[in-house]
Protein chains: 2
Amino acid sequence: MRERKKQATREALRTAALRLALKHGPDNVRVDDIAEAAGVSPRTYNNYFSSREQAIVAAVTAQRASQVAAAVLARPAEVGLADAVIDAVVGQYADQGEHAPEALLMIAASPALRACYVDTVTTIEGPLAEAITERCPDVDRLTAQVLAAGLGAAAKVALRQWLQSADVAPSMPGFVVPSGSLPDLVRAALTPFAPALDAAAVGPPAADPR
Amino acid sequence: MRERKKQATREALRTAALRLALKHGPDNVRVDDIAEAAGVSPRTYNNYFSSREQAIVAAVTAQRASQVAAAVLARPAEVGLADAVIDAVVGQYADQGEHAPEALLMIAASPALRACYVDTVTTIEGPLAEAITERCPDVDRLTAQVLAAGLGAAAKVALRQWLQSADVAPSMPGFVVPSGSLPDLVRAALTPFAPALDAAAVGPPAADPR
DNA sequence: GCGCAAACCTGCGTGCACGCAAAAATGTGC
DNA sequence: GCACATTTTTGCGTGCACGCAGGTTTGCGC
């Protein structure tokens, strides 16, 4: 019951942060404003989010981590690890939720928000590693962690590039329209790791014969 | 000639930061102290380093980025990309410089410093990507970036684990002795990516026949 | 209901990162 | 050597993150 309230506060902070940021622009929102809008003290804000941008971004990326893990395990057992994992991650960026378009535009326009948004990919690495070991119990812990981290890093590269493709053009402020399909870019970024994933899934303890 | 002076200031700040941190403990050093010891204003400090920990850590990791890139290109052309790259990265953690032992101990003991130290691995990713494309001009830019990022992520996992292996044991403060060989750990962390590296080096544009 | 322990929220104080604009230092053409 | 354009340094002000030490709420056993 206590947990209920905590999640509620989290949610309130997230949505308040996003709403205010969209309304007044990301630089014209102070932490105090968000806290007040959510009905908590400014100090409490930092018990939930350790930076100002984090709350705004969290409104968009809230349950990505758990979704990815679930998606990996949801793939039929026949498909290889590489396909399962890559499809799962790509799927996360296929459907950006409801009000995401405007939010993403704002995030793309602000360097600080961009960086924070890209960093949230890190949160999927833990669950992803667990999902990998669950699907392939033979790969050892370190390898699973490393593979998950590698995939996360690849996704970050893709995200960064997609978000950046905006401000290369000397466009007027607000005119940031990331070009190309994000899912395609993510898939392209993850594909180089397919050999590593399949190799790990097949013969983890096999010392290479030399 | 101007560049000279900047590098000198950087160096002064780095060494001053490390010296003071070792002397008084990492938490008892303010940026004002470091700045004063280096003979610049506190504000200038933040023109060179964007966080307090960064200067301390930089004293240990200063030219790692360029060294890795050089090491990759130094390997004879016959050895595969995977071996070349992995050896180069592992080599970076084989010989910790002169006064590193005590510095590393301090870094391992402070969570903030640990995080910052791990983050410096990011700086090698750019040069590493360049080195990869230089060695294998056929791999496209995105793939090279992704591979470099993946390797960086793997190295971070290894580093984090090594540094953390200390405070698992309920040891008394200061008694943090990372166990096991760091180079071995790093190699183990990077090895899962070997198949991906070799696959990229061999047939990058080959669409998989289906 | 009642008291108690744990978890949580809050105010305060400190140190820090960084934008901004003026001042100082460093090169450049003449 | 002298005026000038650039780059660096610096002081100042603001907002932010977080440790700490109470006060407040929440849930549990009785």
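In what follows, chains carry the letters A, B, and so on, assigned in the order in which the sequence lines appear, proteins first and then strands, with residues in each chain numbered from 1.
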Undergrad: B/N47 has an atom CG; how far is it from atom P of D/dG11, in whole Å?
TA: 12 Å
Undergrad: Are A/R187 and A/D87 close enough, and set up right, to give a salt bridge (Lys or Arg N to Asp or Glu O under 4.0 Å), and what steps lead you there?
TA: CA-CA 8 Å; A/R187 166 161 265 120; A/D87 288 348; 2.2 Å; yes
Undergrad: Between A/D140 and A/T143, does the side chain to side chain donor-acceptor pair (under 3.5 Å) criterion hold? Intermediate values first, please.
TA: CA-CA 6 Å; A/D140 66 44; A/T143 303; 2.9 Å; yes
Undergrad: Starting at atom NZ of A/K6, determine the distance to atom C1' of C/dC8, rounded to an integer number of angstrom.
TA: 8 Å
Undergrad: May I have the distance from A/Y45 (atom OH) to C/dT10 (atom C1'), rounded to whole angstrom?
TA: 17 Å
Undergrad: Which one, C/dC9, C/dC16, D/dT10, comes nearest to the side chain of B/R30?
TA: C/dC16
Undergrad: Choosing from C/dC9, D/dT10, C/dA7, which nucleotide comes nearest the side chain of B/T44?
TA: D/dT10
Undergrad: Please say whether more than 12 non-hydrogen atoms of neighbouring residues, nucleotides or ligands are located less than 6.0 Å from CD in A/Q67.
TA: yes
Undergrad: Would you say A/K5 reaches C/dC8's phosphate, i.e. side-chain N/O to OP1/OP2 under 4.0 Å?
TA: no
Undergrad: As a test of reading the structure: which of C/dT26, D/dT26, C/dA17 is closest to the side chain of B/R52, going by heavy atoms?
TA: C/dA17
Undergrad: For B/E3 and D/dT8, what is the distance between atoms CD and C1' respectively, to the nearest whole Å?
TA: 12 Å
Undergrad: Rounded to whole Å, please give me the gap between CZ in B/R43 and C1' in C/dG19.
TA: 7 Å
Undergrad: Considering only heavy atoms from C-beta outward, does the side chain of A/V121 approach that of A/R64 to under 4.5 Å?
TA: no
Undergrad: From C-beta outward on A/V31, which listed nucleotide comes closest to its side chain: D/dC16, C/dA25, C/dA17?
TA: D/dC16
Undergrad: Side chain of A/P42 only, heavy atoms from C-beta on: which candidate in C/dG11, C/dT10, D/dT8 is closest?
TA: C/dG11
Undergrad: Mind calculating the distance between CD (B/E53) and P (C/dA17) to the nearest angstrom?
TA: 7 Å
Undergrad: Taking CG from A/D32 and P from D/dT14, how many angstroms apart are they, rounded to a whole number?
TA: 14 Å
Undergrad: Base, sugar-phosphate or nothing for A/F49? Non-hydrogen atoms, less than 4.0 Å.
TA: nothing
Undergrad: Checking side-chain polar atoms at under 3.5 Å, does A/Q54 have a donor or acceptor matched by the opposite partner on A/S50?
TA: yes
Undergrad: In whole Å, I'd like the distance from the CZ atom of A/R2 to the P atom of C/dA7.
TA: 8 Å
